[in-house]
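Everything below concerns the one structure shown next.
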Amino acid sequence: MDKDLAVLLLIVAVRGGMPFLVFRWQFAGGLLCILADASDSILQDALGAEPLKGHYHLVDKSFDTYYLFFEAIVAYRWLDPLARWAGIALFALRAGGVVFYELTEIRATFLVTPNVFENFYLFVAGMRSIDPQFRIPSWRWLIGIVVFVGAPKVLQEYVMHYREAATWHFVKENILLWR
Amino acid sequence: MRCGPAGPNIPSQAARSQERRAQYRDPVIRKYFECDRPERVRRAFVLLMIAGVAYVPGSVALAMLLTGAD
């Protein structure tokens, strides 16, 4: 089998299959989705194939929205109304931003619609794995949580999506020292 | 002449503040660590992952900005 095709099938299998785990393990499944998100760049580099060449951002964004949708379904089932509706609103903001960007290609969209949902989801899912009765006590707590998990995400969006920096290459060469 | 406090025992400002802090801390942090050791380690790991997932990529992004690597 052609190496590019094999890598493509592997990427599709990993990124397409992993989100189903959030239905069984809300928190661990969410973490594995992040690993799967990083896996496409790593697999392409490690196996020396580029099946997504030229379409990487579109494919990556589509799979991102795909797994966030699974997490949004989980969030919709949470009994805590503050967590549930904040989660749905943050997902809608992000999904709307992705669609808007694909239509207009205005990169500043990602700064206005950062993916805070993912960090918020992991916060609530993680707290629920510690205490199944966990609830966000008040609006003030909700705002505090969104700022806590959202602030680093805005910075990350600015560097990765607005300035289009190659984060994986920076990590690989300067942190992992993998040359 | 009557001795001692004239009315109900009103706690001092410092005592009230301390009590409020204890109430604030109890349900949020201490409650989550009142369990056996393996579970305590698991919960600490979950909290670490929640913070790490948010702040490790954020720190990498900050490092890229500061070093001009982007």
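Here is how names work: the chains are called A, B, and so on, in the same order as the sequence lines, proteins then strands, and each is numbered from 1. In this text the structure is predicted, and so the values were computed from the model without any measurement.
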Is there side-chain contact between Met160(A) and Pro57(B), with at least one heavy-atom pair below 4.5 Å?
-> no
Beyond-backbone contact of Val60(B) with Val159(A), side-chain heavy atoms, under 4.5 angstrom = no
Report the distance from atom CZ of Arg42(B) to atom OG of Ser129(A), rounding to the nearest 0.5 Å.
-> 4.5 Å
Where on Phe123(A) is there a heavy atom nearer than 4.5 Å to chain B: the side chain, the backbone, both, or neither?
-> both
Under 6.0 Å from the CZ atom of Phe23(A), do we count more than 12 heavy atoms belonging to anything else shown?
-> yes
Among Ser59(B), Gly58(B), Ala54(B), single out the residue with the greatest number of heavy-atom pairs under 4.5 Å to chain A.
-> Ala54(B)
Output, in order, the C-alpha distance, side-chain angles, deciding distance and verdict of side chain to side chain contact (heavy atoms under 4.5 Å, CB included) for Met127(A) and Leu47(B).
-> CA-CA 8 Å; Met127(A) 293 307 289; Leu47(B) 293 177; 3.8 Å; yes
Answer with yes or no whether the hydrophobic clustering places Trp141(A) together with Tyr121(A); edges join I, L, V, M, F, W, Y residues whose side-chain heavy atoms lie under 4.5 Å apart.
-> yes
Taking the side chain as every heavy atom from C-beta outward, state whether Gln156(A) and Leu62(B) have any atom pair closer than 4.5 Å.
-> no
Could you please state which residues from residues 145-152 of chain A sit under 4.5 angstrom from chain B, measuring non-hydrogen atom to non-hydrogen atom, sorted by number, or 'none'?
-> Phe148(A), Val149(A), Pro152(A)
Does one hydrophobic cluster hold both Trp25(A) and Met18(A), with members joined at side-chain heavy-atom distances below 4.5 Å?
-> yes
Could you tell me the separation between the OH atom of Tyr55(B) and the CG atom of Asn119(A), rounded to the nearest 0.5 Å?
-> 9.0 Å
Would you say Tyr56(A) has more than 12 foreign heavy atoms packed within less than 6.0 Å of its OH?
-> yes
Is there a path of hydrophobic side-chain contacts, each under 4.5 Å between heavy atoms of I, L, V, M, F, W or Y residues, that connects Leu90(A) with Val98(A)?
-> no
Among the clusters formed by ILVMFWY side chains lying less than 4.5 Å apart, do Phe27(A) and Val41(B) turn up in the same one?
-> no
Hey, quick one: are Leu65(B) and Leu111(A) part of the same hydrophobic cluster, counting side-chain heavy atoms closer than 4.5 Å, chains of contacts allowed?
-> yes
Could you tell me whether Tyr66(A) atom OH has more than 12 heavy atoms of other residues or ligands within 6.0 Å of it?
-> yes
Can you measure from CG (Leu31(A)) to CD1 (Ile50(B)) and round to the nearest 0.5 angstrom?
-> 9.0 Å
Contacts of Ile34(A) meeting side-chain contact (heavy atoms from CB on, under 4.5 Å) (sequence neighbours excluded), chain-then-number -> Tyr67(A), Glu118(A), Leu122(A), Val53(B)
